[in-house]
Amino acid sequence: MIKIAFFDTKPYDKQAFEKALENHENSGLEFHYYETKLNADTVELAKGFDGVCVFVNDTVDDVVIERLHALGVKLIALRCAGFNNVDRKKAAGKLRIVRVPAYSPYAVAEHTIALLLTSIRRIHRAYIRTKDFNFSLSGLTGFDLHGKTVGVIGTGRIGRVFVDICRGFGMNVLAYDKYPAADFEREGVKYVTLDELFAGSDVISLHCPLTEESYHIIDEKSIEKCKRGVVLLNTSRGALVDAEALLAGIKARKVGAACLDVYEEEGDFFFEDFSGHIVDDDVLARLISMPNVLVTSHQAFLTDEALSNIAETTVQNVLDVFERNQCENELTL
Ligand code: NAI
């Protein structure tokens, strides 16, 4: 029997994972679903389990890792691609870590485009108006994407799909990546420096991981370098953007619009219902109050295809570690 404690469970997670388990009926693998997130206060719930299964807003820091190790837990199975919430150094030699490197780049890239089109064609405002039988067009003027320049930071799996879609719209593409891809360049994508990207882009989209280097890649200084009216898209990780600097840029009318699927302090709010509560994050509240800011709640991954791929890969990862002692999706330092 392999027992995994599943944290931050939502109904759609349980449904997808139970379905994936049906394909591995005699594996002896069992998930126990906790609604709570994993953190220092809840880590004791992992007692008696072989592994924990966590998502983007679970806290897997040094304290949690130390305790998991003491409890005899052997595996951290991330059911996501990013792993910035795990202290990998602390886990080395104590707990193995697996992740789902790719489950649907289309889900995230298409959501990014959905946010972009909604924002620049004011669909969010039109939807509310027509629901109230207000058919006025005043204030809904948008702009064509055709002929505009999009700057893409991070040209991995998601960034490339996003670029393909943007090219379909007839946009020019400027790309920046820490490790530019020669094959992508051969396809006609132009890699530039970050400063050139900031100066030349009408729309900027972030598709790189959160690392020490990329932390606040969008801050006061970089916003200063952008075109007036730039549209910023972040469907990667909240801390890529300094939210206070973004708010200042919007107030100064320098940033034309922002679409955020992630937010630096999202762990306190995202995935939960706070309607009827007083939200005490003034930056988030002010951003949401802006007519040119769209916020979704880390939703970009949420498609049937992605959920099913996440569950299938995670189940396989766990079995690979415990049955074969070898997993291609294991993170090493
Ligand atoms: P990937 O690993 O395929 O691509 C990431 C790219 O970023 C690589 O080409 C890499 O060279 C580049 N990169 C690394 N450090 C960089 C830096 N400092 N500056 C510029 N580029 C850098 O990853 P993938 O699958 O495309 O995912 C990208 C990000 O999207 C993930 O790290 C994750 O944070 C986010 N994500 C968000 C989801 C959501 O639901 N909102 C779902 C899945 C991923």
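One-based numbering, in listed order, for ligands and for the atoms of each.
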Please collect all salt bridge (Lys or Arg N to Asp or Glu O under 4.0 Å) contacts where either partner lies in residues 321-333, sequence neighbours excluded, each pair once.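 Salt bridge (Lys or Arg N to Asp or Glu O under 4.0 Å) check on residues 321-333 returns Arg96-Glu330, Asp320-Arg324.
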
Can you pull the salt bridge (Lys or Arg N to Asp or Glu O under 4.0 Å) pairs that have at least one residue in residues 48-65, sequence neighbours excluded? none

Identify the two heavy atoms, one from Asn329 and one from Pro101, that lie closest to each other, and give their separation to 0.1 Å. OD1-CG, 3.3 Å

Among all residues two or more places apart in sequence or in another chain, which pass the side chain to side chain contact (heavy atoms under 4.5 Å, CB included) test with Phe143?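 With sequence neighbours excluded, Phe143 shows a side chain to side chain contact (heavy atoms under 4.5 Å, CB included) to Ile120, Leu145, Lys148, Val231, given in chain and number order.
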
Measure and list all N/O to N/O distances between ligand 1 and the protein that fall under 3.5 angstrom.
{"from": "ligand 1", "atom 1": "3 (O)", "to": "Arg157", "atom 2": "N", "distance (Å)": "2.9"}
{"from": "ligand 1", "atom 1": "3 (O)", "to": "Arg157", "atom 2": "NE", "distance (Å)": "3.3"}
{"from": "ligand 1", "atom 1": "9 (O)", "to": "Gly156", "atom 2": "N", "distance (Å)": "3.4"}
{"from": "ligand 1", "atom 1": "9 (O)", "to": "Asp177", "atom 2": "OD2", "distance (Å)": "2.6"}
{"from": "ligand 1", "atom 1": "11 (O)", "to": "Asp177", "atom 2": "OD1", "distance (Å)": "2.6"}
{"from": "ligand 1", "atom 1": "21 (N)", "to": "Lys178", "atom 2": "N", "distance (Å)": "3.4"}
{"from": "ligand 1", "atom 1": "26 (O)", "to": "Arg157", "atom 2": "N", "distance (Å)": "3.3"}
{"from": "ligand 1", "atom 1": "26 (O)", "to": "Ile158", "atom 2": "N", "distance (Å)": "2.8"}
{"from": "ligand 1", "atom 1": "30 (O)", "to": "Ser236", "atom 2": "OG", "distance (Å)": "3.3"}
{"from": "ligand 1", "atom 1": "34 (O)", "to": "Ser236", "atom 2": "O", "distance (Å)": "3.4"}
{"from": "ligand 1", "atom 1": "34 (O)", "to": "Arg237", "atom 2": "NH1", "distance (Å)": "3.4"}
{"from": "ligand 1", "atom 1": "40 (O)", "to": "Phe301", "atom 2": "N", "distance (Å)": "3.1"}
{"from": "ligand 1", "atom 1": "41 (N)", "to": "Thr235", "atom 2": "O", "distance (Å)": "2.9"}
{"from": "ligand 1", "atom 1": "41 (N)", "to": "Asp261", "atom 2": "OD2", "distance (Å)": "3.0"}

Have a look at Leu95 and tell me which of Val86, Val64, Val60, Leu68 forms a side-chain contact (heavy atoms from CB on, under 4.5 Å) with it. Leu68

Given salt bridge (charged side-chain N to carboxylate O under 4.0 Å, His left out), test Arg160 with Asp183 step by step and report yes or no. CA-CA 11 Å; Arg160 283 177 180 226; Asp183 61 328; 2.9 Å; yes

